Amino acid sequence: MQIRFFNSLSNKVEDFEPVESGTVRMYSCGPTVYDYAHIGNFRSFLFSDLLRRFLEVAGYDVIHVMNITDVGHMTDDAVADGGGEDKMELAGRRLKEDKKSGKVEVGAVEDPSDPYQVARFYTDSFLSDGRQLGLKVAGEYPERMFHATEHIDDMQAMITELIDRGHAYVAEDGVVYYSVESFPGYGRLSGNTLENLQSGAGGRVLDEHQDQKKHPADFMLWKADSAHIMKWDSPWGEGYPGWHIECSAMARSRLERDVIDIHTGGEDLIFPHHECEIAQSCGATGSDSFAKFWMHVRFLLVEGEKMSKSQGNFYTVRDVLDGKVTGSAVHPAVLRYELTKTNYRKNMNFTSQGLQDSATAVRRLNDFSAKLEEQTGGEAAEIDNSHPVLAEFLSSMADDLNVAGALGALLPWASVSRMPSDPHEALAVLRKINQVLAVAPLESQDDASGEGSSTAGDGEEAVSGWCRELDAARADKDYDAADRLRDQIIEAGYDVSTSPEGTTAKKRLA
RNA sequence: GGCGGCAUGGCCAAGUGGUAAGGCAACGGUUUGCAAAACCGUCAUCCCCGGUUCGAAUCCGGGUGCCGCCUCCA
């Protein structure tokens with residue numbers, strides 16, 4: 001099976017081969033932890049998870065790492081190089097407000113003016129969201145997910161290398177800048193070559209107040225600022241690192257290679273972030289490449305509109321799970337399915353209807369899974385990847401993660417009314433597919449979350465009592481009572497199914 | 001103004017030269033105390049214009065629309 005991915009570096013679909021046979025090293029730009037992650041963030045993170053899971057099922061050892069950005073982002077957007085205040089500081093003030101108003105539990109953050117506590121709070125939120133949604137790397141914290149603030153040494157070492165190799169300089173104001181003119185490959189990823197940047201600058205202000213820099217596109221590596229809320233000693237004065245350097249430094253130290261296989265992120269990161277990473281990494285290592293494959297996720301729209309706080313269509317993961325979109329609680333597996341079912345290179349349209357569709361599909365896969373488990377007693381056959389459904393599923397995924405094609409193979413097969421002739425084999429196939437999709441069985445998410453499942457158990461007992469009452473009413477031909485009970489169960493968030501064997505109710509997933 | 005990406009039925013979406021997968025919704029039927037579920041069946045010529053070809057959703061040229069980046073941002 002030849003795996004092919006679209007490479008943002010060449011804007012072409014290319015055959016994928018890892019640098020080291022059998023092992024894939026991938027780096028994903030992770031969350032910033034001064035706010036809750038939203039569904040757009042998670043589309044990106046789940047894309048990297050799907051990619052990683054697919055590569056694992058395809059037979060690779062995957063070393064997948066993701067950073068947690070807890071330093072280096074500034075609020076002032078008029079000045080790109082360290083203006084305004086640290087977003088962590090702002091987040092601290094907001095948390096303080098939320099604490100007062102009761103939006104954030106007492107005890108969750110003791111001292112909001114401590115940026116490390118703010119980071120800790122939002123890191124925990126992220127890890128909890130991630131684990132619920134089946135994000136493997138979140139379950140591997142802190143081995144494979146780690147904080148930028150714990151890698152300041154690596155960043156400083158890389159900055160030193162860059163200065164030594166003539167790729168960086170200390171400007172008159174004491175700020176360390178990367179010199180883009182020292183790196184001929186600048187612009188290769190984004191198309192924003194120095195030439196293009198210049199010719200495209202018409203009408204736009206390109207840093208006229210950056211007269212300290214040798215070139216307007218030079219970007220900050222270290223800024224001495226003893227007044228800054230988060231600061232470290234350095235050869236260039238007490239201060240903090242630029243935003244881009246953390247990924248270059250951490251990818252190298254954590255993946256232990258100068259050249260890695262795959263680097264992922266949202267499409268907005270192509271420029272300047274990833275362009276700058278390449279310049280830094282290649283500049284420091286002397287290698288002519290940093291990541292062999294760059295894969296970028298397109299943005300998602302919400303009901304056809306851009307997601308924005310002012311439009312009122314801005315959703316965090318917990319908003320969706322709590323039912324802010326659909327009006328009733330959404331199972332994490334449904335959100336995972338919804339956010340991964342559209343190919344990562346297309347803008348996906350996140351809609352309430354889509355969530356409902358996903359819930360139907362997840363239900364279907366789970367019913368199918370449950371029936372197979374029942375038929376086999378959980379005994380799966382030994383299989384390779386040659387089963388027709390599995391083979392088509394994997395070959396679709398191998399084609400630049402064609403999820404829709406893969407689901408096109410899976411869904412018609414996964415039908416409880418046409419059960420496969422060999423359930424042991426089918427169970428093995430489904431389990432393998434679910435290693436990629438991670439939506440059926442649903443329990444895979446519950447282990448990690450720990451919350452919500454206990455209350456669901458209580459509700460289920462009441463509902464199953466109502467089902468027995470409903471059966472009794474129907475036996476008595478007391479249809480008014482039966483209809484009332486049915487409405488009651490539906491009201492409680494369950495789908496009712498009556499059959500000669502009795503009434504059963506299943507929790508609606510969205 | 002510069003650099004990229006995308007455009008298939010009501011919705012999600014496969015298909016990369018030979019006469020349009022799959023899912024959801026809808027509609028008709030079977031079933032049902034009624035309904036739901038389930039099952040059977042029905043449902044598109046592919047943004048526009050021009051070209052290449054025996055033949056194009058698929059290749060080429062020109063438009064149009066949408067998305068991202070060029071300033072923090074998945």
Side-chain angles (χ1 to χ4, degrees), chain A residues 6 8 11 13 28-32 35 37-48 72-81 83-84 87 187 189-193 195-207 217 243 264-275 296-301 304 306-307 338 341-349 351 353-354 356-361 363-364 367 392 396 399 402-418 474 477-480 482-483 486-487 489-490 495-500 503-506:
Chain A
F6 183 89
S8 303
N11 284 325
V13 175
S28 298
C29 280
T32 49
D35 207 346
H38 61 251
I39 53 176
N41 296 322
F42 259 92
R43 181 188 191 201
S44 171
F45 304 142
L46 287 174
F47 152 71
S48 67
H73 285 222
M74 311 303 289
T75 54
D76 194 337
D77 56 9
V79 186
D81 301 287
K87 288 193 175 177
L189 175 67
S190 63
N192 287 332
T193 56
E195 227 172 47
N196 283 337
L197 282 172
Q198 219 135 32
S199 66
R204 283 190 161 269
V205 186
L206 194 63
D207 296 330
W243 169 42
T264 72
E267 63 174 318
D268 57 326
L269 296 182
I270 294 172
F271 190 90
H273 186 52
H274 289 337
E275 194 71 65
H296 292 100
V297 193
R298 297 287 156 198
F299 271 30
L300 73 71
L301 302 173
K306 259 191 227 183
M307 182 166 74
E338 173 69 9
K341 75 180 179 188
T342 302
N343 180 264
Y344 71 97
R345 281 209 299 128
K346 289 191 177 171
N347 289 113
M348 80 157 284
N349 191 12
T351 61
Q353 184 59 53
Q356 299 293 349
D357 291 355
S358 292
T360 306
R363 176 96 267 164
R364 176 181 181 142
D367 288 350
E392 195 180 335
S396 288
D399 179 17
N402 178 358
V403 185
L407 293 173
L410 172 63
L411 287 169
W413 172 73
S415 164
V416 287
S417 60
R418 284 186 304 274
R474 292 186 70 226
K477 297 198 192 300
D478 182 357
Y479 294 123
D480 284 347
D483 288 348
R486 185 164 61 204
D487 290 344
I489 299 170
I490 290 169
D495 286 326
V496 181
S497 148
T498 51
S499 75
T503 301
T504 54
K506 286 176 186 160

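Order of the sequence lines sets the chain letters (A, B, ...), proteins ahead of strands, with each chain counted from 1. Keep in mind that this is a model prediction, so the values were computed, not measured.
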> Base, sugar-phosphate, or nothing: which does A:T503 touch, judged by heavy atoms less than 4.0 Å apart?
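Since no nucleic acid heavy atom lies under 4.0 Å of A:T503, the category is nothing.
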> Does a side-chain N-to-carboxylate-O contact under 4.0 Å join A:R364 and A:D367?
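Result for this pair is no, no salt bridge flagged.
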> When the distance from CE of A:M307 to C1' of B:G68 is rounded to whole Å, what number comes out?
14 Å
> A side-chain contact here means heavy atoms from C-beta on lying under 4.5 Å apart; do A:I39 and A:E338 qualify?
no
> Does A:D35 reach a base, just sugar-phosphate, or nothing at all? Heavy atoms under 4.0 Å.
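Since no nucleic acid heavy atom lies under 4.0 Å of A:D35, the category is nothing.
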> Taking only N and O in the side chain of A:T504, is any of them less than 4.0 Å away from OP1 or OP2 of B:A36?
no
> Measure from the side-chain heavy atoms of A:N402 and tell me the nearest of B:G5, B:C34, B:G15.
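That would be B:G15.
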> Side chain of A:N349 only, please: which of B:C12, B:C39, B:G5 is the nearest?
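For A:N349, the side-chain atoms sit closest to B:C12.
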> Return the value, rounded to whole Å, for the distance between atom CG of A:L411 and atom C1' of B:G23.
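Rounding to the nearest Å, CG of A:L411 and C1' of B:G23 are 6 Å apart.
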> Check the distance between B:C6's C1' and A:F299's CZ and give it to me in whole angstrom.
15 Å
> Might you list the N or O atoms of the protein lying below 3.5 Å from N or O atoms in nucleotides 24-26 of chain B, with each pair's distance?
from  : atom 1 : to     : atom 2 : distance (Å)
B:C24 : O2'    : A:D357 : OD1    : 2.4

> Using the C1' atom as the point on both nucleotides, what is the distance between B:A25 and B:C12, in whole Å?
11 Å
> From CD1 of A:I490 over to C1' of B:A37, roughly how many Å is that when rounded to an integer?
11 Å
> Side-chain N or O of A:W413 less than 4.0 angstrom from OP1 or OP2 on B:G22?
no
> Any strand is fair game: report the nucleotide pairing with B:A20 by Watson-Crick or G-U wobble, both distances under 3.5 Å, or none.
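Base partner found: none.
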> May I ask you to verify whether the side chain of A:D483 and the base of B:G33 hold a donor-acceptor pair under 3.5 Å?
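Between B:G33 and A:D483, which were checked side chain against base, a qualifying N/O pair under 3.5 Å is present.
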> Using the six-membered ring wherever Trp is involved, compare the ring planes of A:W243 and A:H273 and label them parallel, tilted or perpendicular (cut-offs 30° and 60°).
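Parallel, since the angle between the ring planes stays under 30°.
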> Specify the separation, in whole Å, of atom CG of A:N347 and atom P of B:A74.
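The distance from CG of A:N347 to P of B:A74 comes to 16 Å, rounded to the nearest Å.
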> Under 4.0 Å between a side-chain N/O of A:K346 and OP1 or OP2 of B:A7, yes or no?
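So the side chain of A:K346 is within the cut-off, an N or O lying under 4.0 Å from OP1 or OP2 of B:A7.
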> How is A:G354 classified with respect to the nucleic acid when contacts are heavy atoms under 4.0 Å: base, sugar-phosphate, or nothing?
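Since no nucleic acid heavy atom lies under 4.0 Å of A:G354, the category is nothing.
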> Base, sugar-phosphate, or nothing for A:L410, non-hydrogen atoms under 4.0 angstrom?
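A:L410: no heavy atom of the nucleic acid under 4.0 Å.
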> For B:U58, give its Watson-Crick or G-U wobble partner with both distances under 3.5 Å, or none.
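The base-pairing partner of B:U58, which may sit in any strand shown, does not exist here.
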> Which whole number of Å gives the distance between the P atom of B:A56 and that of B:C47?
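To the nearest whole Å, 15 Å.
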> Taking for each residue the nucleotide of RNA chain B with the nearest heavy atom, is it A:R474 or A:A409 whose nucleotide lies nearer the 5' end?
A:A409
> Write down the distance separating the C1' atoms in B:A38 and B:G65, rounded off to the nearest Å.
42 Å
> Closest approach to the side chain of A:K306, judged atom by atom: which nucleotide of B:A13, B:G5, B:G68 is it?
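Among B:A13, B:G5, B:G68, the one nearest the side chain of A:K306 is B:G68.
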> Once you apply the 3.5 Å cut-off to both distances, tell me the Watson-Crick or G-U wobble partner of B:C47, or none.
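Because both required distances fall under 3.5 Å, B:C47 counts as paired with B:G63.
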> So, is A:S497 near the phosphate of B:A36, with a side-chain N or O under 4.0 Å from OP1 or OP2?
no
> I'd like to check A:T264 versus A:V297 (side-chain heavy atoms, cut-off strictly below 4.5 Å). Are they in contact?
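No, too far: nothing below the 4.5 Å cut-off.
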> Check every atom of B:G22, B:A14, B:A38 against the side chain of A:P412 and return the nucleotide holding the closest atom.
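That would be B:G22.
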> When you compare B:A13 with B:A44, how far apart are their C1' atoms, in angstrom units rounded to a whole number?
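Roughly 13 Å separates the two C1' atoms.
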> At 4.0 Å (heavy atoms only), tell me whether A:G191 reaches a base, stays on the sugar-phosphate, or touches nothing.
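The residue A:G191 makes sugar-phosphate contact but no base contact.
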> Checking all strands, does A:V297 fall into the base, sugar-phosphate, or nothing category for heavy-atom contacts under 4.0 angstrom?
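It contacts nothing in the nucleic acid.
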> At less than 4.0 Å, is any side-chain N or O atom of A:R418 found next to OP1 or OP2 of B:C40? Yes or no.
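Indeed, a polar side-chain atom of A:R418 lies that close.
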> Taking only side-chain N and O atoms of A:R345, does any of them lie within less than 4.0 angstrom of OP1 or OP2 on B:C6?
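For B:C6, OP1/OP2 do have a side-chain N/O of A:R345 under 4.0 Å.
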> Please report the distance separating the P of B:A7 from the corresponding atom of B:C11, rounded so that it comes out in whole Å.
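The same atom, P, in both gives a distance of 15 Å.
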> Shortest non-hydrogen contact from A:G266 to A:S44?
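Taking A:G266 first and A:S44 second, the nearest heavy atoms are N-OG, 3.9 Å.
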> Starting from P on B:G33, measure out to CG on A:D480 and report it in whole angstrom.
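One finds 16 Å between P of B:G33 and CG of A:D480, rounded.
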> Name the pairing partner of B:G33, where a pair is Watson-Crick or G-U wobble with both distances under 3.5 Å, or state none.
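Answer to the pairing question: none, since B:G33 forms no Watson-Crick or G-U pair.
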> Could you give the distance separating B:G51 and B:U58 at their C1' atoms, to the nearest angstrom?
15 Å
> Which sits closer to the 5' end of RNA chain B, A:N343 or A:V496, going by the nucleotide each is nearest to?
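Whichever sits nearer the 5' end wins; that is A:N343.
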> What heavy-atom pair brings A:G191 and A:E275 nearest, and what distance separates the two atoms?
N-OE1, 4.4 Å
> Using a 4.0 Å heavy-atom cut-off across all strands, classify A:K341 as base, sugar-phosphate, or nothing.
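The residue A:K341 makes sugar-phosphate contact but no base contact.
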> Measure the spacing between CZ of A:R345 and CD of A:E267 and express it to the nearest 0.5 Å.
11.5 Å
> Which is true for A:T342 with a 4.0 Å heavy-atom rule: it touches a base, it touches only sugar-phosphate, or it touches nothing?
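Since only primed, P, OP1 and OP2 atoms lie under 4.0 Å of A:T342, the category is sugar-phosphate.
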> B:A74 phosphate, OP1 or OP2: any side-chain N/O from A:N41 under 4.0 angstrom?
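Yes.
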> Side chain of A:N192 only, heavy atoms from C-beta on: which candidate in B:G15, B:C70, B:C6 is closest?
B:C70
> Tell me which nucleotide among B:G22, B:C39, B:C69 gets nearest to the side chain of A:D268.
B:C69
> Pick base, sugar-phosphate or nothing for A:I270, based on heavy-atom distances below 4.0 Å to the nucleic acid.
nothing
> What are the two closest non-hydrogen atoms of A:T342 and A:R43, and how far apart are they?
O-NH2, 3.4 Å
> Looking at B:G9, which nucleotide sits across from it as a Watson-Crick or G-U wobble partner, both distances under 3.5 angstrom, or is there none?
none
> Ignoring hydrogens, what is the shortest heavy-atom contact between A:M307 and A:G40? Give both atom names and the distance.
CE-N, 3.9 Å
> Should the side chain of A:H296 and the base of B:A74 be counted as holding a donor-acceptor pair, with the cut-off at 3.5 Å?
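Side chain to base: no pair present.
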> Give me the atom names and distance for the closest heavy-atom approach of A:A409 to A:E392.
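So the two residues come closest at CB-CD, 3.6 Å.
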> Expressed in angstrom and rounded to an integer, what is the separation of A:E338 atom CD from B:A13 atom C1'?
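Distance check: A:E338 CD to B:A13 C1' gives 12 Å.
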> I'd like the P distance from B:A37 over to B:G29, given in whole Å.
16 Å
> Would A:K87 and A:T32 count as having a side-chain donor-acceptor pair, cut-off 3.5 Å?
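A:T32 and A:K87 do not have a side-chain donor-acceptor pair below 3.5 Å.
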> Across all strands, who's sitting opposite B:U71 as a Watson-Crick or G-U wobble pair, both distances under 3.5 Å?
none
> Is there side-chain contact between A:F6 and A:N343, with heavy atoms separated by less than 4.5 Å?
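No, side chains not in contact.
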> Partner of B:U42 by Watson-Crick or G-U wobble geometry, both contacts under 3.5 Å, or none?
B:A26
> Could you state the CZ-P distance from A:R298 to B:G5, rounded to the nearest angstrom?
8 Å
> Distance between the P atoms of B:A14 and B:C49, in whole angstroms?
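Roughly 24 Å separates the two P atoms.
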